[in-house]
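See structure below.
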Amino acid sequence: MTMLKEGRPTAPQAINEADSFPATATGNRALMLEEALIFEIGSCHTTGVDFADAPKVAGRLGSLARADSIGLPGLSEQETVRHYTRLSRQNYAIDLGLFPLGSCTMKHNPRLNEKVARMPGFADIHPLQPQSTVQGALGVINELAFWLIDLTGMYGVAMTPKAGAHGELCGLLCIRAALEARGDARSVVLVPESAHGTNPATAAFCGYKVEDIPATPDGRVDLEALKARLGPDVAAVMITNPNTCGLFERDMKKISDAVHAAGAFVYCDGANFNAIVGRVRPGDLGVDAMHINLHKTFSTPHGGGGPGSGPVVLSEALAPFGPLPYTARMADGTIHLIEEDNVGEEMPNSFGRMSAFHGQMGMFTRALTYILSHGADGLRQVAEDAVLNANYILRSLDDVLDAPFGHSGPCMHEALFSDKGLAEGFTTLDIAKGLIDEGFHPMTMYFPLVVHGAMLVEPTETESKTALDQFILALRSLAGRAKAGDEALKGAPYFAPRRRLDETLAARKPVLAWTEPDLAAAAE
Amino acid sequence: MRYLPLTDTDRQEMLSVIGASSVDDLFVDVPAEARLSGTIAGLPDHASELAVERHMAALARKNLSAGEAPFFLGAGAYKHHVPASVDHLIQRGEFLTAYTPYQPEIAQGTLQVLFEFQSQVARLLGCDVANASMYDGSTACWEAIGMARRITKRGKAILSSGLHPHYVSVAKTMAKFTGDALVHEAPTLDAATDIDALIAGIDKDTSCVVVQYPDILGRIADLTPLAEAAHAAGALLVAVVTEPVALGAIKAPGDMGADIVVGEGQSIGVGLQFGGPYLGLFACKQKYVRQMPGRLCGETVDAAGKRGFVLTLSTREQHIRREKATSNICTNSGLCALAFSIHMTLLGEKGLRELAALNHGFAVQAADRLAKVPGVTLLNDSFFNEFTLILTKDARDVVRNLADRGVLGGVSLGRLFPDAPAIGHGLVVAVTETVTPEDIETFAKALEEELA
């Protein structure tokens, strides 16, 4: 079977029908249940946990013993299970279907990873236990570090950064430390305008002045503009490859050579590493530092917004400046955790510590499990299928949606469309909200900023052709409706747990915590 | 390759739609010299679920887990019992495999949890508002220093000697690049906290005073005079809580005048996990909310007038403000926040107070028993569930030898403060509800033999 190009519009009467049913007294709709806040259904006198009686001893809290009520509601165990189970049903998730958020990379989260991470030998050990009692855990860090270096063709890796943006900070701190070590104070970091917002924010946090580098008409870094700006004041260039337009930076090696010739370093945002893993090694392209979002490339679950994990691979020039602590395998086979009390003379240039302990151990076990499950052949297939799926989407939709860089060759793991050609008054937002009614999570909207009304679609390698075909069908239909000016689309979503939410009100009058309703005022 | 659903037939059909003859055509933009021809050197091919599980289980078995030994470690990470429902609920796919709630209409589950979490944290810490969480306590602490700089336009932070040394290290790392001046001295084995010295150090350049409560040696002190002194000089008080269970028994820092309260939420719901992922708590007074880093969830209404929740005040954030953002953070510890919130809901105020009382009671029993061991002096007579013992030997050696005897007996101050050898005989001992009277006795006997 080949993909239907013609598509099929959804029946508008289905939309109206839902609204015509009578309301229920509770606000519930059969299996879709409204759920009050714990503060409204719980009480300070209810608990879902039984404890033994505390021993009768004289307390040592002195005058600090807490007398007042804290105001924390409790629920019984069953009420707790129901509350959170009901809430869970108001979430879209990768376990429910395609989640094509470009640059966020939502792929299948294997449950073996979860099982492994919960083995007591990993989950129930303390970061400050004597090293002799945690050799297996240090072994996991060391083994994962080895494969990350191997897969990227780099020299060293800093494992402690706790998320991608924390990894960016780590990379720039290494660069700054390396420059200072050679007595070379530089003040500027160059960032392409298509970069993730974290890149300029990170550079600014490290005390650098941020300057934009423009993109070429075909969506890549303008090499000539970059070369023209390089100079003795430039510390680093932060580049994303594959970039946020879903394109490979063809001139990456030339960019790196020019940056190095100017005495600066290349930071690569590795958010999109899943597109090239097993096929391209960033180290071969001259990259000095790159973070790897383990939750993106190596499938650790993102849990509604985090945690992430952002190890940073480093070139030989930067590795000596990486953070504490780190692991080292000794001649006798034992693995040492190198931290402040035993750093010795091995790494006197370390810029210090980025977080209290050793990084996201719970993510390391999952990522290592994923790497070993896929193996060398599987990881290569990951990149190939990710890129194949994205190009299939691009070519199946480029006759109904504007693909601004569709002419400039294949995309990598994500396909970029724009709002050009939609009827007057119809926007990317309408397409996105329409996708919700069609049963899909929307793509990334309005990013990258270099394209007007951007729609960045990343299917990932773990989607089947059947799932892609249904997504394409939905998007073709929505494109048709938006071009035809179907006003009903502006009210979408109709079938989600909530209709469009008033984000302006939330920002203008922020309500960020629950407070007791004013009963006297309410009675008036 | 069980995670990859495409068949070779699918791949051929898709290539024909694309108009490519092979998948290599899709990598045409990669320069030839950068293309890997073979597979990754050294990495074996894909493996069965059984084979991978065996490999990982073998690594896990090389670790002595906390449940297998009498266990007394704390110093910023605590072993508590986590009810079975917590892990069950966070593994529901709709929570576990969701992303950041960018589409609020289909993310009300995550968003309502974040709103409830923020409300719980604010109340627990004694503040008006909390954010949707940070990476961990140490990074939250640094972000608080940065926030105080933005609010006061001053660049000198005074760090208490009782602040966790790793938190101090993180702040020092960041200060090298932000230009903040940090004032900090290592602690001494002194039963008194450094509140008076902190007050004496506050001047017109001070952006904030950062104090841990209970502190790294387990000591607790009234923060009210410190808050008053800081405010009188136009500075802020930042309080750091690494053991939130303590706040079920002792006064909240916000209620003693702290302007920003940050903490490590690992104790409630998250588990030890060898140091991460953990859960940074971050709360402050209402007037500073627009300077707060991290994500915020707020209440609003939908087009039909129903209550709903969205991420809000995003004009502080990196994706809008780029280099002018309040921080570069674009994530939170969502799943850990969920675990915290579920555990806190199961406990409720009643359960939290009972848990805190149990921790304190066991800690008092353990401190009294251990203080009877010849060669041991109990440093602090005021504590929650963690206290410091002064030994007649270097505690680093004692801890290693105890581990060889199968007892995980606390954290040596020498490991935490390598630059302050004078406190090398200090041992920080944490006692939670998971410790049994037999564990305490085993620990005491082993310590007796070790110090004999």
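The chains referred to below are lettered A, B, ... by the order of the sequence lines, with proteins before strands, and numbering in each begins at 1. Any value given below was found using the heavy atoms of this structure, including those in side chains, with hydrogens, waters and symmetry copies removed.
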Interface moiety of [X] toward chain B, non-hydrogen atoms closer than 4.5 Å:
X	result
A/F39	side chain
A/L101	side chain
A/T46	backbone
A/H108	side chain

**Report entry** Which portion of B/V301 sits near chain A, non-hydrogen atoms under 4.5 angstrom
**Finding:** both
Requested in this report: Examine whether an atom of B/L296 lies under 4.5 Å from a heavy atom of chain A, and if so say whether it belongs to the side chain, the backbone or both; otherwise answer neither.
Outcome: side chain
Query raised in the report: Looking at A/Y84, does the NZ or CZ of B/R92 lie under 6.0 angstrom from its six-membered ring centre and within 45 degrees of the ring axis?
Result: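 Not satisfied by the 6.0 Å and 45° rule.
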Highest number of heavy-atom pairs under 4.5 Å with chain B: which of [options]?
options	result
A/D150, A/V382, A/I436, A/D341	A/D341
A/L368, A/V49, A/V116, A/L96	A/V49
A/G362, A/G308, A/G304, A/A65	A/G304
A/P301, A/G59, A/S88	A/S88
A/P127, A/G74, A/A123, A/G48	A/P127

Query raised in the report: Hey, mind stepping through A/D68 and B/K251 against salt bridge (charged side-chain N to carboxylate O under 4.0 Å, His left out) and telling me if it holds?
Result: CA-CA 8 Å; A/D68 57 318; B/K251 287 179 188 168; over 6 Å; no
